[in-house]
Amino acid sequence: MAQRSMQHDLRAWLSEVEQADSLKRVDSEVDWDEEMAAITYISHKEEGAPALLFENVKDYPEGYRVLFNMFSSSPTRLGIAMREGPDLSEHDLIQSARDKLTARKEPTQVSRDDAAVFENTDEGDDVDLWKFPVPKMWPGDGGRFIGTADLTITRNPETGALNMGTYRQMIHNENQTGLFTSPGKDLRLHMKKAWAKGEPLEVVAVYGVLPELYLASQLTFGEDLSELEVAGGIRDAPIEVTEGQITDLPIPANAEIAVEGKLYPNEQKMEGPFGEFTGYYGRPEEPAEVHTVEAVHHRDDPILTCALMADYPGCDINLTYSVGRSARIWNDLDSLGIPGVKGVYAHPAGASGMSMTVVSVEQQYAGHAKQAATLAAQCPGGAYFSKFIVVVDEDVNPADTNQVIWAMATRWDAEQHTDKLTDTWSTPLDPARNPPQDRPYGSQLLIDATKEHKYIDDFPPRTAVREEMYENVVDRWDELGFDFDPPSLPLFFADTGTPGSADDTTDDGHMEM
């Protein structure tokens, strides 16, 4: 057999993550029925908790492993996946993502003989999805979900454009899954176009994903842009793909587990409920489209990748979606010509970065803050399931929740500095919108927590220490006995806009009042 292509794969990433002390191997026997998910949820209440590789799953043979929460709230693991190293701050990750998400690298073709994913293949009557240690996540879930940290590849039957997205998938039986898609998503549009012709839609689903593919599949891009090219940009090297055996779709050559199948016209079965990224169960058990699997491919000793959906910080898409969404909104604002944007942060606690966006701007003209808020609310990267848009001044770090709340408490007037948008793009999974049939629509609150522009010259200066005093304290940090790193400060006295200069002080060093 030819040498398998494994230059870029999940196992190489896990090795790097383990060297960075961000992976925990669990070799004690653990039950697939709720226990794996419970261990993940409880351990990931700690921000930055390690990814969990379960190596001994009850009822399954040795070598069949499950990886939970590849990213969760860990900048370390995200930085490694983005080829930026383990030590980047969230601000630096967002800056890097701004470039990575606009870079494009076309996939490179690998022969089937050289594709690691084809080490094992089952077709037809030999297909058995139960062979993998698929977890039941939450007590109220309607079944075992094989598709959580997954990606699904389909093709627009009219244009030929490829789409890669993450869609949940619940096992019905040996060869069928329920595939849930929200209104407006590309897979659903592809499905409707194929069914209008009386044809099934071909599907490739990957249940053991490469990190960079998982990152790209979570975000929303234009219909004519292939997420395979985006993933190559994230990696800064082409994604290796190979030809399918049943479908006319590419398969990531180094995937751990991939299946090929079809969505046949109007075939549905009851699916759900499922504990979702909102921290609530999703829609109740309802009909969903059926993915009929015709071939299963997997590596030796395969790793099933799983993402726990939960409240922050236990949800696996918390940080990844936050960083990606922040970068996309910032890039959108730049492309629309909005000057003075100093930072964007889609807070991961806001339903995995979807519901709360904070934008920092240096105000340059009347209406600048409101313009930034409105466009951040409705730009392509930020419109979906967005509820709160807060704009702050350049002296406030949008990723520092304490600073943002301080700015809201001291610069925002609810009567004058609040706007609302209605009938906006939302999700059927939003529990706050009732009755449930109204949930595709939402609303947004725009909060201007900047210094009021018309009175900005009269706004009281904020308190701050002198830069030289800060440096003096930092130099003495160890001597003073602190056991944590000195924090950075948002600005110093000379930057506060205080009238006068350092000379306007009394002899004892206090400001004149």
Student: Between Thr424 and Ser386, does the side-chain contact (heavy atoms from CB on, under 4.5 Å) criterion hold? Intermediate values first, please.
Tutor: CA-CA 8 Å; Thr424 56; Ser386 175; over 6 Å; no
Student: Would you please name every residue forming a side-chain contact (heavy atoms from CB on, under 4.5 Å) with Gln416, sequence neighbours left out?
Tutor: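 With neighbours one apart ignored, the set is Asp413, Glu452.
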Student: Using the side chain to side chain donor-acceptor pair (under 3.5 Å) rule, take Gln218 and Thr320 through it: C-alpha gap first, then chi angles, then the decisive distance, then the call.
Tutor: CA-CA 8 Å; Gln218 294 177 35; Thr320 57; 2.8 Å; yes
Student: Determine the minimum heavy-atom distance between Val206 and Ala255, stating which atoms define it.
Tutor: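 Taking every non-hydrogen atom into account, CG1-CB, 3.7 Å.
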Student: Quick one: does any side-chain atom of Arg325 pair with a main-chain N or O of Met354 as donor and acceptor, under 3.5 Å?
Tutor: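 Confirmed, Arg325 side chain pairs with Met354 backbone.
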Student: So, Glu362 and Lys342, do they make that salt bridge, N to O below 4.0 Å?
Tutor: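 Yes, this pair counts.
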Student: Keeping Ser335 on the side-chain end and Asp332 on the backbone end, is there a donor-acceptor pair under 3.5 Å?
Tutor: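 Answer holds: yes.
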Student: For Ala372 and Val361, which heavy atoms make the closest approach, and how far apart are they?
Tutor: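 Taking Ala372 first and Val361 second, the nearest heavy atoms are CB-CG1, 4.0 Å.
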Student: To the nearest 0.5 Å, how far apart are CG in Leu215 and CG in Leu78?
Tutor: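 That separation rounds to 6.0 Å.
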Student: State whether the side chain of Thr152 and the backbone N or O of Thr166 hold a donor-acceptor pair below 3.5 Å, judged by distance alone.
Tutor: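 Checked: no pair found.
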Student: List for me each residue that meets side-chain contact (heavy atoms from CB on, under 4.5 Å) alongside Pro435, sequence neighbours excluded, and say none if there are none.
Tutor: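 Pro435: side-chain contact (heavy atoms from CB on, under 4.5 Å) contacts with Gln437, Asp438.
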Student: With a 3.5 Å cut-off and no angle check, do the side chains of Ser96 and Glu84 form a donor-acceptor pair?
Tutor: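 Side-chain D/A pair, Ser96 to Glu84: present.
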Student: Are any of the side-chain heavy atoms of Arg462 and Trp406 separated by less than 4.5 Å?
Tutor: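 A side-chain contact under 4.5 Å exists here.
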Student: Within the 4.5 Å heavy-atom criterion, are Ile153 and Leu162 side-chain neighbours or not?
Tutor: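 A side-chain contact exists here, since the closest heavy-atom pair is under 4.5 Å.
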Student: Give me the atom names and distance for the closest heavy-atom approach of Met137 to Asp141.
Tutor: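 Here Met137 and Asp141 meet closest at CB-OD2, 3.3 Å.
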Student: Taking side-chain contact (heavy atoms from CB on, under 4.5 Å) as the definition, give me every residue that meets it alongside Asp92, ordered by chain and number, with sequence neighbours left out.
Tutor: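 For Asp92 the side-chain contact (heavy atoms from CB on, under 4.5 Å) partners, ignoring immediate neighbours, are Leu88, Ser89.
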Student: Do any N or O atoms from the side chain of Lys100 and from the backbone of Ile234 form a donor-acceptor pair under 3.5 angstrom?
Tutor: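 Yes, Lys100 side chain to Ile234 backbone: donor-acceptor pair under 3.5 Å.
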Student: Provide the full list of salt bridge (charged side-chain N to carboxylate O under 4.0 Å, His left out) pairs with a residue in residues 369-379, sequence neighbours left out, each pair given once.
Tutor: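 Listed once each, the pairs are Lys370-Asp419.
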Student: Set out, in order, the CA-CA distance, both residues' side-chain angles and the distance that settles side-chain contact (heavy atoms from CB on, under 4.5 Å) for Leu187 and Leu263, then state yes or no.
Tutor: CA-CA 11 Å; Leu187 187 149; Leu263 294 173; 4.0 Å; yes
Student: With sequence neighbours left out, what residues match Arg476 under salt bridge (charged side-chain N to carboxylate O under 4.0 Å, His left out)?
Tutor: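 Partners of Arg476 under the salt bridge (charged side-chain N to carboxylate O under 4.0 Å, His left out) test: Glu479.
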Student: Hey, is the main chain of Ser322 close enough, under 3.5 Å, to the side chain of Ser326 for a donor-acceptor pair?
Tutor: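 Side chain of Ser326 to backbone of Ser322, a donor-acceptor pair under 3.5 Å: yes, one is there.
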Student: What residues form a side-chain contact (heavy atoms from CB on, under 4.5 Å) with Thr401, not counting sequence neighbours?
Tutor: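 side-chain contact (heavy atoms from CB on, under 4.5 Å) check on Thr401 returns His347, Ile405.
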Student: So, Ser22 and Thr76: side-chain donor and acceptor under 3.5 Å apart, yes or no?
Tutor: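 Short answer, no.
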Student: If you measure from CZ on Phe180 to CE on Met170, what distance do you get to the nearest 0.5 Å?
Tutor: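 So the CZ of Phe180 and the CE of Met170 are separated by 12.5 Å.
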Student: Hey, does the side chain of Arg235 reach the backbone of Arg83 with a donor-acceptor pair shorter than 3.5 angstrom?
Tutor: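 Judged by distance alone, no pair lies under 3.5 Å.
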Student: Going by ring pair (Phe, Tyr, Trp, His ring centres under 6.0 Å), Phe274 matches just one of Phe145, Tyr167, Tyr281. Which one?
Tutor: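 When ring pair (Phe, Tyr, Trp, His ring centres under 6.0 Å) is applied between Phe274 and each of Phe145, Tyr167, Tyr281, only Phe145 qualifies.
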Student: Measuring from atom CG of Leu308 to atom OG1 of Thr148, what distance do you get when rounded to the nearest 0.5 angstrom?
Tutor: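 Output value for this atom pair is 8.5 Å.
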Student: For Tyr384, give me all partners under ring pair (Phe, Tyr, Trp, His ring centres under 6.0 Å), at least two apart in sequence or on another chain.
Tutor: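 Result, ring pair (Phe, Tyr, Trp, His ring centres under 6.0 Å) vs Tyr384: Trp425.
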Student: Could I get the full list of ring pair (Phe, Tyr, Trp, His ring centres under 6.0 Å) partners for Trp138, not counting sequence neighbours?
Tutor: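 In terms of ring pair (Phe, Tyr, Trp, His ring centres under 6.0 Å), with neighbours along the sequence ignored, Trp138 is linked to Tyr41.
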Student: If I compare all heavy atoms of Pro428 with all of Arg439, which pair ends up nearest, and what's the gap?
Tutor: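 It is O-CD, 3.4 Å.
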Student: So, Gln444 versus Gln378: side-chain donor-acceptor pair below 3.5 Å or not?
Tutor: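 Yes, side-chain donor-acceptor contact under 3.5 Å.
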Student: Go through the steps for Leu67 and Leu52 under the test side-chain contact (heavy atoms from CB on, under 4.5 Å), then give the verdict.
Tutor: CA-CA 6 Å; Leu67 177 66; Leu52 301 179; over 6 Å; no
Student: Are Glu16 and Arg77 ion-paired here, with the side-chain N under 4.0 Å from a carboxylate O?
Tutor: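 No.
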Student: Of all residues at least two apart in sequence or in a different chain, which pass the ring pair (Phe, Tyr, Trp, His ring centres under 6.0 Å) check with Phe484?
Tutor: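 Phe484 satisfies ring pair (Phe, Tyr, Trp, His ring centres under 6.0 Å) with Trp477, Phe482 once adjacent residues are dropped.
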Student: Does anything in residues 149-164 pair up under salt bridge (charged side-chain N to carboxylate O under 4.0 Å, His left out), and if so which pairs, sequence neighbours excluded?
Tutor: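 Pairs touching residues 149-164 that pass the test: Glu158-Lys193.
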Student: Under a 3.5 Å distance rule, please check whether Asn156 uses its side chain to pair with a backbone N or O of Ala161 as donor and acceptor.
Tutor: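 Side chain of Asn156 to backbone of Ala161, a donor-acceptor pair under 3.5 Å: no, none is there.
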Student: Going by heavy atoms in the side chains, are Pro107 and Pro238 under 4.5 Å from each other?
Tutor: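 Pro107 vs Pro238: side chains apart.
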Student: Can a donor-acceptor pair be found between the side chains of Trp412 and Thr418 at a distance below 3.5 Å?
Tutor: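 Checked: Trp412/Thr418 side chains pair up, N/O donor to acceptor below 3.5 Å.
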Student: Testing Lys192, Arg188, Lys185 one by one against Glu289 for a salt bridge (charged side-chain N to carboxylate O under 4.0 Å, His left out), which residue passes?
Tutor: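 Among Lys192, Arg188, Lys185, the one meeting salt bridge (charged side-chain N to carboxylate O under 4.0 Å, His left out) with Glu289 is Arg188.
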Student: Which heavy atom of Thr278 sits nearest a heavy atom of Leu429, and at what distance?
Tutor: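 Smallest heavy-atom distance, with atoms named: CG2-O, 3.7 Å.
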Student: Do Lys387 and Asp430 sit within salt-bridge range, that is, some charged N less than 4.0 Å from a carboxylate O?
Tutor: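 Salt bridge flag = yes for Asp430 with Lys387.
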Student: With a 3.5 Å distance limit and no angle check, can you tell me whether His8 reaches the backbone of Glu240 through a side-chain donor-acceptor pair?
Tutor: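 Between the backbone of Glu240 and the side chain of His8 there is no qualifying donor-acceptor contact (under 3.5 Å).
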Student: For residues Asn331 and Thr102, determine if any side-chain heavy atom of one lies less than 4.5 Å from a side-chain heavy atom of the other.
Tutor: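 They are in side-chain contact.
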Student: Taking Asn318 for its side chain and Pro313 for its backbone only, find out whether a donor-acceptor pair lies under 3.5 Å.
Tutor: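 The answer is yes, because a donor-acceptor pair under 3.5 Å joins these two groups.
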Student: Looking at Phe493, is Arg466 sitting on its ring face, NZ or CZ under 6.0 Å from the six-membered ring centre and within 45 degrees of the normal?
Tutor: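 So Arg466 does make the cation-pi contact.
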Student: Taking ring pair (Phe, Tyr, Trp, His ring centres under 6.0 Å) as the test, write out the residues that go with Tyr441, two or more places apart.
Tutor: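 If we apply the ring pair (Phe, Tyr, Trp, His ring centres under 6.0 Å) test to Tyr441, skipping adjacent residues, there are no hits.
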Student: Who pairs with Glu286 by salt bridge (charged side-chain N to carboxylate O under 4.0 Å, His left out), at least two apart in sequence or on another chain?
Tutor: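 Here the qualifying residues are Arg283.
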Student: Check step by step if side-chain contact (heavy atoms from CB on, under 4.5 Å) holds for Val392 and Val359.
Tutor: CA-CA 6 Å; Val392 295; Val359 181; over 6 Å; no
Student: Quick check against the 3.5 Å criterion: does Ser72 have a side-chain atom that pairs as donor or acceptor with the backbone of Asn69?
Tutor: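 Not at all, since once roles are kept as given, no pair shorter than 3.5 Å links the two residues.
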